[in-house]
Amino acid sequence: MMHQPVEERIVEVLRHLGIERAHFAACMSRDIAGLAIAHPEIVSSLTIVCPWGMKMDALRTLSSRLMVITGDQGHVAEEVHRAVASLPETTLVDLRDYFSPLWADVIADRTEDVGGAMMEFLSRIEQQQPLQEIAPSQAEGGLADISYSIRGSGPPLVLFPLGLAPSQWQPLLPLLSTRYCTITLTGPVLGMVAFLEARAQGYLRLVRTVVEEAGIRPGETVLEVGCGPGVILRWLAHYTHGSNHITGVDINAYLLREAAALVKNQGLERTITLREGNGEALPFDDNAFDVTMACTVMEEGNAERMLRECLRVTKSGGRVLAIVRSLDMPGWVNLPLGSELKKKAEIQRGHVVTEGCADASLYRRMREAGLRDLIMVPQWATFSAGERLQFEQDRIVAMLDPEELSEWQKAAARAEAEGTFFIAQPFHCAVGTKP
C-alpha cells in the first residue's frame, strides 16, 4: 500500500463509491496527472484553481476538457499564462486584481468568481457528455490513505486539496452541491501534504544541521511556528527519542487537521501537541519554550513580527532557529546545459509577501531582533530521485520554449543514464541565542 501510485488509490476510492466517470478539480496537477495518463476515461473534465506545478504532458490530453483559474498578478500569473498558451483548447479564467500564491485562500476570497466560472464550465461539459447522477449512501469515509467527505447528489465532482488555502473548498460547497455530488478528498498522499512529505527527502538534512547547531538537550521544550502537516515535528520526536515535549502551531486549520491525523497514526500524541495560532501573535506566554523554530514560514507573513514573537516565547538562554527559502542565491541543476539555459533553469522563483523574508536579510533581522551568538549556515536541499525531483523538473520544463525543451530533454536523458541528475535548492538558515 505504501508504494501504491496515487492514481490507483483514487480509482480504488471511486470504485468503492460506485463512480465510473467524474469531473475533477484541483490545485496541484500532481494529484490528477497520473489519473489523466493511466485512466483518461475516468476524467470527464478538470478544473485547476491557482495551479502550482503544471504537468504539461498530462494536461495536453485533457486540453478540451480543461479550465484553469488563476489570479492576474505577479510572476505566478505569468507562468500560468505561458503554460496555458501551449494548450489552445483550454479555458482560461483570470481573477481580476488578484495575487494567487500557494497560500492564497482563493475560494474564500473570490467565492462568486470561482463558483460562477466552475458552474458555467461544468454545465457546458455536461451538455456535451452528461454524467450518470449518483446519490451516495454514506457521507464520509476513508480508503487507501485517502479520506472523503460527500455532499449533495447529482453528477460526481471530485475536489482535491487546494494548496495551502486555509478554507479549502468549504465556502463553495453549498453552491456546488446544489447540482453536483461533491466529493472532497484529503489525506497524506494528496496535495501539499504529500508534497511536504516528499520534500523531507532532501529538506530534513538541512533541518538536522540547524537542530544540531542548536544543541537541543533532553527535557527541553520545543516549539515549531508554522508547523504545517508536522513533518519536522514528527521527525524531531523520533530524532530526540521522545525526550522532549514538542509543540506545533499553525494558522491553517486544514493543515493542522492533517498533522493531527499523522501524529495519531505514528502514536506520538504524548510527545507532540498541536495548537492553532498566528506566527505574528503566538498564543503562548512569555518565556514558555527552550527552543523555538520557524522553518519556511517567514516568507508568508511579517518576518520581523514573527521573529519578535519567537524571542518573546523563548526563555533567556534559549535558542531560536530559522530557515527561509533563498531567492537571492541560484539553485543548482546538475545537467550539461548551455550557459543561458542553465541560468534560466537555476533562477529561484517563489511566492513571498511584501513583509516576508526569503533572502540573506534573515541574518540581519535576527541580529536586530536581539539574538546573540548567531550561527549562519546557508545550505542546499538536494533532490536526486522521486516525486520532488520530478516536481522541480516539471516547474522548469513549463517555462521552456521548444528549442530549450529539446536541449533539456537530451541533457536530462544523458544525466539520468549516468546517474548524476539532481536539482538543489538554496536556503538561508541560522541559530541565535536569546540573552
Side-chain angles (χ1 to χ4, degrees), residues 1-10 26-38 48 51-55 57-58 101-103 144-147 160-165 185-208 224 226-239 248 250 252 254-255 257-259 261-263 265-266 295-297 299-300 323 325 331-334 348-351 379-398 412 416 421-427:
M1 179 65 72
M2 290 297 294
H3 301 292
Q4 184 182 17
V6 66
E7 61 268 21
E8 300 307 325
R9 296 171 186 262
I10 296 166
C27 165
M28 302 179 70
S29 59
R30 65 164 299 284
D31 286 337
I32 195 72
L35 196 67
I37 293 171
I48 302 183
W52 199 58
M54 297 179 68
K55 289 181 174 287
D57 290 343
L102 193 59
W103 57 83
D145 284 331
I146 295 177
S147 299
F160 288 92
L162 285 175
L164 295 172
L185 303 183
T186 59
V189 297
L190 298 176
M192 274 304 297
V193 177
F195 175 82
L196 293 171
E197 293 291 314
R199 184 178 73 165
Q201 171 196 13
Y203 180 66
L204 287 178
R205 296 190 188 102
L206 61 91
V207 172
R208 176 190 288 269
E224 185 190 0
C227 64
V231 175
I232 294 176
L233 297 177
R234 287 177 277 115
W235 171 82
L236 191 59
H238 293 295
Y239 175 79
D250 203 289
N252 191 312
Y254 157 66
L255 290 179
R257 288 194 299 271
E258 297 294 310
L262 290 165
V263 166
N265 185 55
Q266 293 189 18
C295 303
T296 62
V297 67
E299 299 91 331
E300 303 173 18
I323 298 174
R325 289 181 288 108
W332 183 266
V333 176
N334 199 42
Q348 295 303 295
R349 297 171 175 83
H351 317 315
Q379 300 177 76
W380 278 256
T382 302
F383 306 98
S384 58
E387 179 180 322
R388 183 57 192 259
L389 175 67
Q390 186 60 52
F391 174 84
E392 297 300 333
Q393 185 172 197
D394 289 341
R395 291 195 75 190
I396 295 170
V397 165
E416 286 171 352
F421 186 18
F422 69 81
I423 295 176
Q425 290 184 311
F427 292 81

Look up atom [atom1] in [X] and atom [atom2] in [Y], then write down how far apart they are to the nearest 0.5 Å.
{"X": "T186", "Y": "D145", "atom1": "OG1", "atom2": "CG", "value": "11.0 Å"}
{"X": "F195", "Y": "D31", "atom1": "CZ", "atom2": "CG", "value": "12.0 Å"}
{"X": "I32", "Y": "C27", "atom1": "CD1", "atom2": "SG", "value": "12.5 Å"}
{"X": "E197", "Y": "M192", "atom1": "CD", "atom2": "CE", "value": "11.0 Å"}
{"X": "R234", "Y": "L204", "atom1": "CZ", "atom2": "CG", "value": "9.5 Å"}
{"X": "Q4", "Y": "I10", "atom1": "CD", "atom2": "CD1", "value": "10.0 Å"}

Check [X] against [Y] and note the closest heavy-atom contact, atom names and distance.
{"X": "V231", "Y": "L196", "answer": "CG2-O, 3.8 Å"}
{"X": "F383", "Y": "G202", "answer": "CE2-N, 3.7 Å"}
{"X": "C227", "Y": "L233", "answer": "CB-CD1, 3.8 Å"}
{"X": "A58", "Y": "A36", "answer": "O-CB, 4.1 Å"}
{"X": "G331", "Y": "W380", "answer": "CA-NE1, 4.2 Å"}
{"X": "E299", "Y": "R325", "answer": "OE2-N, 2.7 Å"}

Does the side chain of [Y] come within less than 4.5 Å of [X]'s, by heavy atoms?
{"X": "L262", "Y": "P188", "answer": "yes"}
{"X": "E224", "Y": "C295", "answer": "yes"}
{"X": "I423", "Y": "I396", "answer": "yes"}

Check ring pair (Phe, Tyr, Trp, His ring centres under 6.0 Å) between Y239 and all other residues, then give those that pass, not counting sequence neighbours.
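Y239 satisfies ring pair (Phe, Tyr, Trp, His ring centres under 6.0 Å) with W235 once adjacent residues are dropped.
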Under the ring pair (Phe, Tyr, Trp, His ring centres under 6.0 Å) rule, collect the residues that match up with F427, sequence neighbours excluded.
Y203
Using atom types as modelled and distance alone, determine if a side-chain donor or acceptor of D250 lies under 3.5 Å from a backbone N or O of G228.
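Looks like yes, one N/O pair under 3.5 Å.
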Partner residues of [X] under the side chain to side chain donor-acceptor pair (under 3.5 Å) criterion, sequence neighbours left out:
{"X": "E7", "answer": "none"}
{"X": "Q266", "answer": "H238"}
{"X": "E8", "answer": "H39"}
{"X": "N265", "answer": "none"}

Going by the rule side chain to side chain contact (heavy atoms under 4.5 Å, CB included), which residues pair with [X] if we only count those two or more places apart in sequence or in a different chain?
{"X": "V397", "answer": "Q393, L405, W408"}
{"X": "A237", "answer": "I246, L268, T271, I272"}
{"X": "W103", "answer": "P101, L164, E300, H351, V353"}
{"X": "R257", "answer": "A253, Y254"}

Taking salt bridge (charged side-chain N to carboxylate O under 4.0 Å, His left out) as the test, write out the residues that go with E392, two or more places apart.
R388
By salt bridge (charged side-chain N to carboxylate O under 4.0 Å, His left out), R199 pairs with (sequence neighbours left out) none
